[in-house]
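To start, the structure under review is shown below, and the notes come after it.
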Amino acid sequence: MEQLKNRLLDELSNASTVDEVEALRVSYLGKKGFITDLMKNLKDLSGEEKKTYGQKVNVLKTEADQKITQRIEELKKLRIEKMIEDTEQYDVTLPVGLDQGSYHPITLVQREVEEIFASMGFTVEDYDEVVDDYRCFEALNIPKHHPARDMQDTYYLDNGQLLKTHTSAAQNAIMKKYGAPLRAIFPGRCFRNESTDACHENTFFQMEGMMIDENISISNLIYFMKVMLSEVFKQDVNVRLRPGFFPFVEPGFELDISCTICGGKGCPSCKNSGWLELCPCGMIHPNVLKEGGIDTDKYTGFAFGLGLTRLVMMRYGVKDIRDLNSGSLKALSQFENE
């Protein structure tokens with residue numbers, strides 16, 4: 001036993017890798033290992049001798065296992081130290097540039113709008129970017145084969161789900177979560193498979209809002225939107241409301257904002273119209289309220305889909321919407337943290 005112990009210690013000291021040590025574990029403690037084989041001698045011993053001999057073999061097994069484990073830990077530590085030594089070192093005391101980073105302009109505007117609506121009693125919710133057909137369409141009064149689906153070129157996934165085309169996809173879940181009365185906004189990223197230009201992107205940000213209570217009318221919607229816009233732009237903003245069709249609202253409207261980039265004169269960002277589509281909105285369709293578990297005999301409500309990306313363009317005078325998703329530090333570094 002002493003000879004085996006000494007030999008193991010000598011071989012462990014010469015082992016230079018974890019694999020070599022593990023091989024020694026098998027050689028000494030495996031089913032056919034040197035120490036395991038010592039138990040074969042029990043058959044030649046008397047009862048008392050077997051007890052004493054067995055105890056000594058077990059002590060040797062325990063010591064061998066401890067020494068093997070200890071050697072593995074030593075080798076791992078040496079390997080880490082070697083990796084650190086081989087890694088290029090940097091002087092952390094070297095001076096750095098004074099340029100400061102900044103939040104993305106969409107983040108800045110989103111946080112500001114969230115604070116404005118929160119001050120008016122709205123809760124701020126989050127929602128998934130990958131949803132199912134029911135939440136994105138059917139729960140919003142857009143059944144399968146409805147022609148309104150052609151208004152949005154959708155990214156469908158192989159598993160039958162899809163990338164949400166509008167933040168309205170959260171309406172059903174929010175209504176079922178809170179019931180009525182309800183005031184909530186839920187910002188998020190949306191996706192549509194469309195051609196990009198100065199005012200269109202295939203990935204953009206919206207903020208959905210809903211207010212459901214007794215005696216809610218379109219005048220409530222106009223009030224809240226004008227308050228929000230005046231707070232964002234720090235001045236009264238020209239808006240117009242024109243009829244629009246959306247299956248999940250009735251009546252439906254398009255709320256446009258006077259283009260602040262060209263002052264309403266017309267430019268590529270507003271398609272030379274002087275106005276920029278900002279917020280499809282309207283009174284929530286009774287079918288949508290019923291699908292969300294809301295009593296339509298008692299409650300009405302409005303909903304709006306605020307274009308955060310468009311709002312950023314107006315707020316900061318960004319002429320090309322594609323700059324916002326470009327990842328260009330030159331284009332984005334001009335925005336300061338607020």
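- Remark: E63 CD to K5 NZ distance equals 4.0 Å, nearest 0.5 Å.
- Panel note: side chain D323, backbone V318; no donor-acceptor pair is recorded below 3.5 Å.
- Atom CG of D44 and atom OH of Y53 lie 9.5 Å apart (nearest 0.5 Å).
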Next item on the list: List the steps, then state whether side chain to side chain contact (heavy atoms under 4.5 Å, CB included) holds for M175 with V288.
Entry: CA-CA 10 Å; M175 284 190 281; V288 177; 3.7 Å; yes
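- Counting heavy atoms from C-beta on, the side chains of L221 and I218 come closer than 4.5 Å.
- Other residues, nucleotides and ligands contribute only 12 or fewer heavy atoms inside 6.0 Å of the NZ atom of K226.
- Cluster membership check: M225 shares its hydrophobic cluster with M313, using side-chain heavy-atom separations under 4.5 Å among Ile, Leu, Val, Met, Phe, Trp and Tyr.
- The existence of a salt bridge linking E22 and R25 is confirmed by a sub-4.0 Å separation between a basic side-chain nitrogen and an acidic carboxylate oxygen.
- At least one side-chain heavy atom of Q66 sits less than 4.5 Å from a side-chain heavy atom of T62.
- Nearest heavy-atom pair, I35 versus A64, reported as atom, atom and distance to 0.1 Å: CD1-CB, 3.7 Å.
- Between the N220 side chain and the S217 main chain, a donor and an acceptor come within less than 3.5 Å of each other.
- Side-chain contact between N215 and T300 is absent, with no heavy atoms from C-beta onward closer than 4.5 Å.
- Atom NZ of K319 and atom SG of C259 lie 10.0 Å apart (nearest 0.5 Å).
- The number of heavy atoms from other shown groups lying within 6.0 Å of CD (E48) does not exceed 12.
- Within 6.0 Å of the CZ atom in R79, the count of heavy atoms belonging to other residues, nucleotides or ligands does not exceed 12.
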Using side chain to side chain contact (heavy atoms under 4.5 Å, CB included), reason through R242 and F253 one step at a time and then give a plain yes or no. CA-CA 5 Å; R242 54 188 173 85; F253 303 94; over 6 Å; no
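- Residues Y103 and Q110 bring no donor and acceptor atom of their side chains to less than 3.5 Å of each other.
- Judged purely by atom type and a 3.5 angstrom limit, T154 has no side-chain atom pairing as donor or acceptor with the backbone of Y156.
- A180 and I212 get closest at one heavy-atom pair: CB-CG2, 3.9 Å.
- Under the 3.5 Å distance criterion, the side-chain polar atoms of E20 are matched with a main-chain donor or acceptor of S16.
- In K67, the NZ atom is not crowded: 12 or fewer heavy atoms of neighbouring residues, nucleotides or ligands sit closer than 6.0 Å.
- Here the straight-line distance linking atom CD of E49 with atom CG of N41 works out to 11.5 Å at 0.5 Å rounding.
- Looking only at distances, no side-chain donor or acceptor of N193 sits under 3.5 Å from a matching main-chain atom of Y155.
- Taken together through direct or relayed side-chain contacts under 4.5 Å among Ile, Leu, Val, Met, Phe, Trp and Tyr, I116 and F205 form part of one hydrophobic cluster.
- Taking a cutoff of 4.0 Å between a charged side-chain nitrogen and a carboxylate oxygen, E74 and R71 qualify as a salt bridge.
- In terms of heavy-atom proximity, F191 sits nearest to L163 at CD1-CB, 3.6 Å.
- Note on M207 and M120: same hydrophobic cluster, where clusters join Ile, Leu, Val, Met, Phe, Trp and Tyr whose side-chain heavy atoms are under 4.5 Å apart, directly or indirectly.
- Clustering ILVMFWY residues whenever any of their side-chain heavy atoms sit less than 4.5 angstrom apart, transitively, puts Y28 in a cluster other than the one holding V26.
- At a threshold of 4.5 Å between non-hydrogen side-chain atoms, the residues C190 and T167 count as touching.
- The residue from E291, Q171, H285, R135 that alone fulfils the side-chain contact (heavy atoms from CB on, under 4.5 Å) condition with L140 is Q171.
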Q. Given the rule in the side chain to side chain contact (heavy atoms under 4.5 Å, CB included) test, do F304 and I185 qualify, once you have shown the distances and angles that lead to the verdict?
A. CA-CA 9 Å; F304 62 86; I185 57 172; 4.3 Å; yes
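- Around NZ of K51, the count of heavy atoms belonging to other residues, nucleotides or ligands within 6.0 Å does not exceed 12.
- Side-chain atoms of N58 come within 3.5 Å of backbone N or O of G54 as a donor-acceptor pair.
- A 4.5 Å side-chain heavy-atom check between V59 and Q55 finds every atom pair outside the cut-off.
- The CG atom of L289 lies 13.0 Å from the CZ atom of F248; values are rounded to the nearest 0.5 Å.
- Panel note: side chain S27, backbone A23; a donor-acceptor pair is recorded below 3.5 Å.
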The test is side chain to side chain contact (heavy atoms under 4.5 Å, CB included); show your working for L162 and V130 and say whether it passes.
CA-CA 6 Å; L162 53 94; V130 178; over 6 Å; no
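- Aromatic ring orientation, H166 versus F137: tilted (interplanar angle from 30° to 60°).
- In this pair, F302 and F224 present their aromatic rings tilted. The plane angle is within the 30 to 60° band.
- Neither side chain, E208 nor Y127, offers a donor N or O lying under 3.5 Å from an acceptor on the other.
- Contact annotation: the side chain of K164 never approaches that of D128 to less than 4.5 Å [non-hydrogen atoms, C-beta and beyond].
- Rounding to the nearest 0.5 Å places CG of D153 at 10.5 Å from CG of N202.
- Side-chain contact check for Y178 versus R183: every heavy-atom pair is 4.5 Å or farther apart.
- Within a 6.0 Å sphere centred on CG of D10, heavy atoms belonging to other residues, nucleotides or ligands number more than 12.
- Between L75 and A15, the shortest heavy-atom distance links the atoms CD2-O, 4.0 Å.
- Sparse packing is recorded around CD of Q3, with 12 or fewer heavy atoms of other residues, nucleotides or ligands lying under 6.0 Å away.
- Proximity of L38 to L60: side-chain heavy atoms (C-beta onward) are separated by under 4.5 Å at one or more points.
- Counting heavy-atom neighbours within 6.0 Å of Y223 OH, excluding the residue itself, gives a total of 12 or less.
- Contact detail for P187 and L308: the closest heavy-atom pair is CB-CD1, 4.2 Å.
- In terms of modelled atom types and a separation under 3.5 Å, the side chain of R192 and the main chain of F204 share no donor-acceptor contact.
- Under the 4.5 Å side-chain heavy-atom criterion for Ile, Leu, Val, Met, Phe, Trp and Tyr, M39 and L4 are members of the same hydrophobic cluster.
- Of the possible donor and acceptor atoms, none in the side chain of T196 sits under 3.5 Å from a partner among the backbone N and O of E201.
- Across all their heavy atoms, A169 and C136 have their closest contact at CB-CA, 3.9 Å.
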